[in-house]
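The structure presented is a predicted model; accordingly, all values stated were derived computationally and were not measured. Chain naming here is simple, since letters A, B, ... match the order of the sequence lines and numbering starts at 1 in each. The analysis underlying the following values was restricted to heavy atoms, covering all of them including side chains, and did not include hydrogens, waters or symmetry mates.
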Amino acid sequence: MLIGELAEHTGASIRSLRHYENNGLLTAGRGSNGYREFPDSAVQTVARIRALLAAGLSVTTIRQVLPCTVDATPRVIPCAELSATLRGELSRVEEQITRLDHARQLIAKMLAG
DNA sequence: GTTCTAACA
DNA sequence: TGTTAGAA
């Protein structure tokens with residue numbers, strides 16, 4: 001299907017889909033007119049990509065994790081080094097939570113005080 | 001009308 | 001990521 005159709009079926013913008021393809025997250029052929037041609041399976045792939053994006057993963061990390069997914073759920077197949085990568089992402093998110101908690105306390109004190 | 005690439009008041 | 005320009 002063409003990029004416009006894939007965009008409609010997934011809710012992702014055409015801009016985003018081109019970005020995913022440029023970064024190897026999606027595979028697309030080219031028609032004689034130069035238009036990208038996506039397989040129907042791309043709809044499912046985009047759903048998985050968006051799920052990983054929602055977890056705050058970078059395109060680079062997603063490129064590694066995507067092939068280990070089974071669907072758009074948090075369920076993944078134990079691929080090599082996947083566990084280490086995810087642990088890294090987890091600690092990154094926990095650090096952000098720590099920073100935000102400090103900011104929260106400071107702001108709360110300002111209001112209290 | 002739809003997509004492509006490249007670039008940013 | 002959006003948007004836009006110019007071309008196919």
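- The nucleotide C/dT1 finds no pairing partner, because no Watson-Crick or G-U wobble arrangement with both distances shorter than 3.5 Å includes it.
- For the pair A/Leu17 CG and B/dC4 P, the interatomic distance rounds to 10 Å; values are reported in whole Å.
- Taking atom CG on A/Leu2 and atom P on C/dA8, their separation rounds to 20 Å, with Å as the unit.
- In this model, the phosphate group of B/dT5 is approached by a side-chain N or O of A/Arg30 to a distance below 4.0 Å at OP1 or OP2.
- The salt bridge (Lys or Arg N to Asp or Glu O under 4.0 Å) test with A/Glu21 is passed by exactly one of A/Arg63, A/Arg36, A/Arg15: A/Arg36.
- At whole-Å resolution of the value, CD1 in A/Ile3 and P in B/dG1 are 19 Å apart.
- The distance between atom CD1 of A/Ile14 and atom P of B/dG1, rounded to the nearest whole Å, is 14 Å.
- Closest approach of A/Leu17 and A/Ile3 over heavy atoms only: CD1-O, 3.7 Å.
- The two atoms that bring A/Arg50 and A/Thr10 nearest to each other are NH1-O, 3.2 Å, heavy atoms only.
- A/Gln105 CD: more than 12 foreign heavy atoms inside a 6.0 Å radius.
- Atom NE2 in A/His19 sits roughly 17 Å away from atom C1' in B/dC4 (whole-Å rounding).
- For the OP1/OP2 pair of C/dT1 and a distance below 4.0 Å, the side-chain nitrogens and oxygens of A/Ser16 include at least one atom meeting the criterion.
- The separation between A/Arg18 atom CZ and B/dT3 atom P is 8 Å, rounded to whole Å.
- Using a 4.0 Å cut-off, some side-chain N or O of A/Arg36 falls inside it from OP1 or OP2 of B/dC4.
- Rounded to a whole Å, the CD atom of A/Glu21 is 8 Å from the P atom of B/dT5.
- Close to B/dT5, at under 4.0 Å from its OP1 or OP2, lies no side-chain N or O of A/Tyr35.
- Going from atom CG of A/Asn22 over to atom P of B/dT3 covers 16 Å, rounded to whole Å.
- Here the shortest heavy-atom pairing between A/Gln64 and A/Cys68 reads O-SG, 3.9 Å.
- Using a 4.0 Å cut-off, no side-chain N or O of A/Arg15 falls inside it from OP1 or OP2 of C/dT3.
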